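Accompanying notes for the structure given below.
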There are 2 protein chains.
Amino acid sequence: MSGAGQVKKANADSGAKPDAPRRSLAFAAGAPIYRIGAPGLAWRVERGSVRLDADGHSSEACFASLSLPGDIIGSESMLFGSYAFSASALTHCELSPWPEGAPAAEGNSLLRSLAASQRRAAELVALRGGEALKRVTGLIRIMAGAVSEDCTANVVLPTRKDIADITALRLETVSRIIKHLERSGMLHPVRVEGVHATRSFAVNFSQFAG
Amino acid sequence: MSGAGQVKKANADSGAKPDAPRRSLAFAAGAPIYRIGAPGLAWRVERGSVRLDADGHSSEACFASLSLPGDIIGSESMLFGSYAFSASALTHCELSPWPEGAPAAEGNSLLRSLAASQRRAAELVALRGGEALKRVTGLIRIMAGAVSEDCTANVVLPTRKDIADITALRLETVSRIIKHLERSGMLHPVRVEGVHATRSFAVNFSQFAG
DNA sequence: CGCATTTTTGATACACGTCAATCTCCGTGG
DNA sequence: CCACGGAGATTGACGTGTATCAAAAATGCG
């Protein structure tokens, strides 16, 4: 979603040995990664965030899942030969082919990604109920990842529209809430090269309620 | 949840050969199946519906997932040795140990249950956004399972409270919507032995909007 | 038959959705 | 360098779909 991101794909480590398989691919925020029904590989999200969309019966994509670093996406193609969801980059992200090692003897790896998938699904479910403020702060916490000792972290958020789709709110509501969090001092806009000024924040978790 | 269901467990096929492993276990509506943190097996839902709950930081369980016939639950215990969610019966249900065959060489089976888990998660996400009426009819459609040629099926629904937890609505809202569906002729109460009169319906899908 | 649980119904309030205008940020081209 | 235009974000005013609170009715069970 989020309209206009150009399809800038790039090989992340172009300096690698020529015979080695590609290590990872980078996608700009908003860029499509793969489309439902298309054939392709499974991927591991190395950095950034990815949005999965199910088949909205018309052309409008409907949000299905969120994937963060460590998550596996597109594994259904190993079974069906094609993707069951569309994927697009919520923020700048890097993916690497999965599984990386031997294709067999990965039973435990599958089990791990199954467990991870279920935990992520439970988090998503939680993000779509309860009051709007908690949904948005919940998403921010999940996307922030590692938090330093002083309860501080940096986040790059998706567009307001994408946050709205994830939390089942409206973009205007999300905008109001994020502005409110800024004014409360929980979020500080941070300018990062190449990232929209409205999407990169320093978060102060000590002020978070939950 | 739905409070009071007693813990009536029973071996479903008590007449089986004595040396054969247990085939399946039955649970009454509302009965707890296993608790988060406890050790145990993975199960396949054969009939009925199961609710999974994550760790609500106080004692109140918070809805995490819904499992229907064919779904695998508790597979995380194969990895961690204990359950990551609590499970309880939404309706009368039967479970059988999983995997049933040889414990190894199940790679494909894991892949299938991973794909199924992701599809189910996407359905759940869809049930928690949009207008209340569509959420409830969406859940009814999912729980109805097989639909006959004349667009008719039978469903046994969970309590209003459980439906509310699944759809992120309030129990009063759910009650109003179901009554509305009854009066519109989309739902007909059906009395079934052993099931609460307010939870068993014949559904007429031809009158459903979506 | 009487109690506990679940469901239904009503009245009212508010959080969020909706509609619409404006503003900021950026890239593009004159 | 500045005018222009588009995408995303912000803000305001207003409406409404659900939540909330409260009480009665139905259902199931001992």
Side-chain angles (χ1 to χ4, degrees), chain A residues 1-6 8 28-31 88-91 127-137 156-184 187 189-201, chain B residues 1-8 28-31 88-92 127-137 156-184 187 189-201:
Chain A
M1 285 264 87
S2 73
Q6 58 265 50
K8 184 175 88 181
S88 55
L90 283 172
T91 62
L127 288 181
R128 305 188 118 235
E131 56 175 296
L133 178 64
K134 295 215 168 177
R135 296 194 212 175
V136 175
T137 56
V156 177
L157 296 179
T159 65
R160 305 291 186 263
K161 174 78 174 82
D162 281 324
I163 297 177
D165 289 345
I166 295 168
T167 56
L169 296 168
R170 296 290 130 162
L171 124 205
E172 296 94 330
T173 304
V174 171
S175 178
R176 277 182 249 264
I177 287 173
I178 289 182
K179 260 290 172 249
H180 169 73
L181 290 174
E182 281 187 44
R183 292 195 253 258
S184 311
L187 290 180
V190 172
R191 176 162 294 270
V192 176
E193 195 251 319
V195 176
H196 281 245
T198 50
R199 292 178 210 164
S200 180
F201 296 94
Chain B
M1 287 273 86
S2 72
Q6 58 266 47
V7 199
K8 184 174 87 183
S88 55
L90 284 172
T91 61
H92 173 91
L127 288 181
R128 304 188 119 235
E131 56 177 297
L133 178 64
K134 295 216 169 176
R135 295 193 211 177
V136 175
T137 56
V156 177
L157 295 179
T159 65
R160 306 292 185 264
K161 175 77 174 81
D162 282 323
I163 297 177
D165 289 345
I166 295 169
T167 56
L169 296 167
R170 295 290 130 163
L171 124 204
E172 296 94 329
T173 303
V174 171
S175 177
R176 278 182 248 264
I177 288 173
I178 289 182
K179 260 288 172 256
H180 168 73
L181 291 175
E182 281 186 45
R183 293 196 254 258
S184 310
L187 291 180
V190 173
R191 177 162 292 274
V192 176
E193 194 250 320
V195 176
H196 285 243
T198 50
R199 292 177 210 166
S200 180
F201 295 94

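These numbers were taken from a predicted model, which means no experiment stands behind them. Throughout, protein chains are lettered first and strands after them, A, B, ... in sequence-line order, and every chain is numbered starting at 1.
Between the A:S184 side chain and the A:H180 main chain, a donor and an acceptor come within less than 3.5 Å of each other. Of the possible donor and acceptor atoms, one in the side chain of B:R128 sits under 3.5 Å from a partner among the backbone N and O of B:I166. Side-chain atoms of B:S200 do not come within 3.5 Å of backbone N or O of B:A197 as any donor-acceptor pair. Within the 3.5 Å criterion, the main-chain N or O of B:L171 finds no donor-acceptor partner in the side chain of B:S175. Listed for the B:R199 side chain is no donor-acceptor partner under 3.5 Å among the backbone atoms of B:L157.
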Which pairs, protein N/O on one side and nucleotides 12-14 of chain C N/O on the other, fall under 3.5 Å?
none

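The distance from atom CG of B:L181 to atom P of C:dT8 is 11 Å, rounded to the nearest whole Å. To the nearest angstrom, C1' of D:dT10 lies 12 Å from CD1 of A:I178. As rounded to whole Å, 12 Å separates atom P of D:dA9 from atom CD of A:E182. In this structure, the CG atom of B:L187 is 14 Å from the P atom of C:dT7, given to the nearest Å. For A:F201 and D:dA9, the CZ to C1' distance is 10 Å, given to the nearest whole Å. In this structure, B:K134 places its NZ atom 18 Å from C1' of D:dT18, rounding to the nearest Å. Between B:R128 atom CZ and D:dT18 atom C1' the separation is 15 Å, expressed in whole Å. One interatomic measurement links the two molecules: CG of B:L171 to P of C:dT9, which rounds to 13 Å at whole-angstrom precision.
A salt bridge is defined here as a Lys NZ or Arg NE, NH1 or NH2 lying under 4.0 Å from an Asp or Glu carboxylate O, and A:E131 with A:K134 fails to meet this definition.
In this structure, the helix from C:dC1-D:dG30 to C:dG30-D:dC1 shows an angle of 40° between the axis at its start and the axis at its end, each fitted on 5 base pairs and rounded to 10°.
The distance from the CD1 atom of A:I178 to the CZ atom of A:F201 is 5.5 Å, given to the nearest 0.5 Å. To the nearest 0.5 angstrom, B:T159 atom OG1 is 7.5 Å from B:D165 atom CG. Note that CZ of A:R160 is 5.0 Å distant from OG1 of A:T198, once rounded to the nearest 0.5 Å. Separating the CG atom in A:L127 from the OG1 atom in A:T167 is a distance of 7.5 Å, to the nearest 0.5 Å. How far CG of B:L169 is from CZ of B:R135: 4.5 Å, rounded to the nearest 0.5 Å.
A sub-4.0 Å separation between OP1 or OP2 of D:dT27 and a side-chain N or O of B:R199 is absent.
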Base contacts versus sugar-phosphate-only contacts with protein, heavy atoms under 4.0 Å: please encode nucleotides 16-27 of chain C as B, S and - from 5' to 3'.
SSBBB-----S-
